[in-house]
Amino acid sequence: MKNLTQSPAWLALQAHYDDIKDIHMKELFAEDEQRFDKFSIHANEVMLDYSKNRINQQTMPLLFDLARQSNLSKWRDELFSGVAINATEGRSVLHSALRNRSNQPVMVDGQDVMPKVRVVLDQMRQFSELVRSGKWRGYNGHRIKSIVNIGIGGSDLGPHVVCDALKPFAQHDLDAYFVSNVDASDILETLKKVDPETTLFIIASKTFTTQETMLNAFSARKWFLDQVGDEKAIAKHFVAVTTNIELATEFGINKANTFAFWDWVGGRYSLWSAIGLSIAVYLGMDHFEELLEGAEEMDQHFREAPLEENIPVVMALLGVWYDDFFAAKTHAIIPYSQYLARLPAFLQQLDMESNGKTIDRNGQRVDYSTGPVIWGQAGTNGQHAFFQLIHQGTQLIPADFLISALSHQPLSTHQRVLFSNCLAQTKALMLGKTHAEVLDEMKQQGFDDESIEKISPHKVFEGNKPTNTIIFEQLTPKSLGSILAMYEQKVFVQGVIWNINSYDQWGVEYGKVLAGKILEDLNVPGDVDGHDSSTNGLINYRKKIYFNDSNESTLD
Ligand code: G6Q
């Protein structure tokens, strides 16, 4: 689509926006008692209630027209069948093959990739079972008690969110740690908690060249060798997950302890691959496979359900509706689950790295927004902090609320209180509170007329703030797999509509290159002048405070 904003479906939505923008959702609810039934859909364990959105009966058909106009079903077929839709890197996008639990082949360049996917899954099973059963022994015969995943971005956020979310399924005598930041405090604070005799380091890096991961891996290796003193011991305590087996071997990792994946797995879509090794070890391979099954169920739903009943499609279109027509700048993710506290961070990368693009698939600059800022925090904590801005600030902030019906921790009334808070917020955001209601309330509370006049405007809530509620029975490997895949496919649909490649990340690559150049300048004595004046000034300022031309050691 050359001129998306001039296309018939877009223009129809623009006209519809003018009709609907001043309609309050509470009127829509009052007019139609069936609104919840009409605007809620299921996919296996997940239910989406999208009735609290700024939509009426005309809106969704117009949004579905936009999806059809973008050839969504053609792109969806290409995604699943291994066409190289990541055109700027010439790659297929096949994380769905990693969770393909059927016997169906998935072809890339004329070859079925499923046999090698299964080989790695078997290798992960064998290895994780050895570690978990205690048959895998450290260099001096102790069993492994701690695993430390060293990776960043896509090689960290996915396994990290899953291990945190599914803690109730973890083996009680194993701890999982994640080190990602090149700030030495990350690795050092983690190393304080573990013992070299009982620790397994998983170096997770697709390229095995990422500066932060490699520095953290070398620091961990030095810490280990300083205490153990025997290079041969590395084989028992360091394993790698990478597409670059050669570099992992150079690092000293036994080839047998290297877990492969492939260039058709994007970093932020890689938790389903061997990058999920920390998940398999911490939670067990059966749970890892249930996670894959949950994701596959969502993939099936996404492929087969009509647009009208398709959760990722509906969520994607609502996102486009707010982003491009209501000009919403941000989108909040509020999981009502402490176990899901890292979900906003995971979705920030998934969404913003995938669709944070200005150039479309034809190489043209887009004249529409391609995605909001994603942010959020677990409820109820957010309610006592930033919710004020969502309720009464000047911006429109659509939000996803996620909640399970049952908790893993049936402690007194906690889950019911959590649940009621979640629903109270979405209700309040939708309804708001009118000035007349505030006046009544204040009169009943016995305020005098002067106070009522002064204070009442501050107590008015406009309401009409859109939310999705995503509800599932319980947070299990399966339901989590479905939820994460749901968001992945939502991001895909939006990329199709915005006509951008959601699977490259040149912005990330650019930062990696520049950091390398600045590091070179920090390593030489004297002032530098080869950058802009700000960058020169900051480099020279740091060198005046501290310069050491030998390698600064963080571990001495
Ligand atoms: C993800 C990005 C990025 C990447 C990290 C780590 O899609 O490409 O977050 O995952 O930069 O890269 P490595 O796995 O190669 O270390």
Side-chain angles (χ1 to χ4, degrees), residues 79 85-96 98 120 148-162 178-183 186-187 201-221 238-251 253 258-279 342 344-357 371 374 484-485 487-489 491-492 494-495 500-516 519:
L79 171 77
I85 62 166
N86 175 359
T88 57
E89 295 181 312
R91 290 177 183 167
S92 310
V93 178
L94 272 179
H95 42 277
S96 58
L98 301 165
V120 176
V148 179
N149 188 86
I150 299 183
I152 196 166
S155 300
D156 166 75
L157 289 159
H160 202 165
V161 70
V162 172
F178 288 81
V179 172
S180 53
N181 201 331
V182 74
D183 180 343
D186 201 2
I187 183 87
F201 293 94
I202 300 177
I203 316 299
S205 176
K206 182 172 170 180
T207 54
F208 227 75
T209 56
T210 302
Q211 190 187 41
E212 295 95 321
T213 301
M214 295 329 297
L215 195 48
N216 278 325
F218 278 107
S219 292
R221 189 175 181 271
F238 285 78
V239 300
V241 182
T242 187
T243 58
N244 198 334
I245 312 278
E246 236 170 64
L247 286 183
T249 315
E250 260 176 45
F251 181 89
I253 293 173
T258 303
F259 297 78
F261 65 114
W262 309 276
D263 70 357
W264 42 264
V265 183
R268 56 195 170 278
Y269 297 87
S270 63
L271 75 93
W272 320 101
S273 71
I275 286 290
L277 186 65
S278 47
I279 304 173
R342 293 196 63 81
F346 172 79
L347 294 181
Q348 278 180 331
Q349 181 190 34
L350 175 66
D351 205 303
M352 296 202 276
E353 197 170 310
S354 295
N355 288 340
K357 316 280 163 72
I374 303 290
L484 299 181
Y487 277 107
E488 287 182 350
Q489 304 303 11
V491 166
F492 163 77
Q494 293 185 324
I500 52 175
N501 177 5
S502 304
Y503 300 102
D504 61 10
Q505 56 284 313
W506 298 105
V508 175
E509 318 293 343
Y510 183 49
K512 288 185 181 183
V513 173
L514 284 191
L519 179 63

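Nothing fancy with the numbering, it's 1 onward along the sequence. Note: hydrogens, waters and symmetry copies are ignored here, and every other heavy atom, side chains too, is used. When a ligand or atom number is given, it counts from 1 through the structure's own listing order.
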Run the contact test for Glu509 against ligand 1 with a 4.0 Å cut-off on heavy atoms, strictly below, and give the result.
no
Counting from 1 in the order shown, the ligand 1 atoms closer than 4.0 Å to a non-hydrogen atom of Gln505 are 7 (O), 8 (O)
Atom CD of Gln211: over 12 foreign heavy atoms under 6.0 Å:
yes
Would you say the side-chain atoms of Gln505 pair up with the backbone N or O of Glu353, donor to acceptor, closer than 3.5 Å?
no
Provide, to 0.1 Å, the distance between atom 4 (C) of ligand 1 and the closest protein heavy atom, together with that atom's residue and name.
Gly154 N, 3.8 Å
Against ligand 1, does Glu212 come closer than 4.0 Å with any heavy atom?
no
Start with the C-alpha gap between Thr207 and Asn244, add the side-chain angles, then the distance that decides, and say whether side-chain hydrogen bond (donor to acceptor under 3.5 Å, both in side chains) holds.
CA-CA 6 Å; Thr207 54; Asn244 198 334; over 6 Å; no
Using 30° and 60° as the class limits, which term best fits the ring planes of Phe251 and Phe238: parallel, tilted or perpendicular?
tilted
Polar contact flag for Thr213 and ligand 1 (N/O pairs, less than 3.5 Å)
no
Any N or O on Val508 sitting closer than 3.5 Å to an N or O of ligand 1?
no
Closest approach of any protein heavy atom to atom 2 (C) of ligand 1, naming residue and atom
Glu353 OE2, 2.7 Å
Give the atoms of ligand 1, by number and element, whose distance to some non-hydrogen atom of Gly267 is under 4.0 Å.
1 (C), 7 (O), 10 (O)
Residues Val179, Val148; criterion side chain to side chain contact (heavy atoms under 4.5 Å, CB included); working and verdict:
CA-CA 7 Å; Val179 172; Val148 179; 3.8 Å; yes
Contact between Trp506 and Thr88 at the side-chain level, heavy atoms closer than 4.5 Å - yes or no?
yes
Hey, does the Lys NZ or Arg CZ of Arg91 hover above the aromatic six-ring of Tyr503, less than 6.0 Å from the centre and inside 45° of the axis?
no
Considering only non-hydrogen protein atoms, determine which one is nearest to atom 6 (C) of ligand 1 and report residue, atom name and distance to 0.1 Å.
Ile152 O, 3.2 Å
Can you report which non-hydrogen protein atom sits closest to atom 7 (O) of ligand 1, along with the distance?
Arg268 NH1, 2.7 Å
Heavy-atom side-chain proximity of Phe178 to Ser278 below 4.5 angstrom:
yes
Looking at atom 9 (O) of ligand 1, what's its closest protein heavy atom, distance included?
Gln349 NE2, 2.7 Å
Note the single closest protein heavy atom to atom 13 (P) of ligand 1, along with its residue, its atom name and the distance in Å.
Thr210 OG1, 3.3 Å
Mind checking whether Asp186 and Asn216 have side chains closer than 4.5 Å, heavy atoms only?
no
I'd like to know if the side chain of Lys206 and the backbone of Ser270 have a donor-acceptor N/O pair within less than 3.5 Å.
no
Find all atoms of ligand 1 within a distance of less than 4.0 Å from any non-hydrogen atom belonging to Lys512, and give their numbers and elements.
11 (O), 12 (O)
Where ligand 1 meets Ser155 - atom numbers and elements under 4.0 angstrom, heavy-atom basis
10 (O), 13 (P), 14 (O)
Among protein heavy atoms, which sits nearest to atom 15 (O) of ligand 1, and what does the distance come to when rounded to 0.1 Å?
Thr207 OG1, 2.6 Å
